[in-house]
Structure formats: C-alpha cells, structure tokens
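Heads up: the structure comes next, in structure tokens.
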Amino acid sequence: MDNQIVMIGITRLHAHPDNPRKDLGDLTELSASIAKSGVMQNLTVVPYEDESGNIVEGEYTIIIGH
C-alpha cells in the first residue's frame, strides 16, 4: 500500500453521502479561523465513485475530516 500525503484541489473532493452533519449552521467563525490559520486537521479520502459505481479518476470522497 502506498500511503502518502498529497494536496488535492477542493473541486476534486466530494462530501460523503452518509455524513450525518447535514445542517452546518453559521460557519462565519469557522471560515475566519480557516482564513487566519488554515485547516488544522488532515482529510482522509477514498476514490470517488459515480452513481453507476465507476471510479472517477482524480476525484475523491471525504470519509474523515469533513
């Protein structure tokens, strides 16, 4: 298994459809913190599958770190 840390553009990330956090509320404070300090938690992702179950190359589903 090839474990590595890579930078992935935000447009290539998809929310997990089973994520229980549907209503995120007011994100003003979180947005300001990210703008000031950046994201302090790594994301864990898996290859993204389209509606037919086909893996879409270069796109990923977030499983940890929403």
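- Val6 and Leu43 fall within the same hydrophobic cluster, where Ile, Leu, Val, Met, Phe, Trp and Tyr residues are linked whenever their side-chain heavy atoms come under 4.5 Å apart, directly or through other members.
- Separation of atoms OG1 (Thr11) and CD (Glu59) is listed at 7.5 Å; rounding is to 0.5 Å.
- Here the CG-CD1 distance, from Leu13 to Ile62, works out to 4.5 Å after rounding to the nearest 0.5 Å.
- Here Thr61 contributes atom OG1 and His14 contributes atom NE2; the two are 6.5 Å apart, rounded to the nearest 0.5 Å.
- Separating the CG atom in Asp18 from the CD1 atom in Ile63 is a distance of 12.0 Å, to the nearest 0.5 Å.
- Taking CG from Leu27 and CD from Glu29, the interatomic distance works out to 10.5 Å, rounded to the nearest 0.5 Å.
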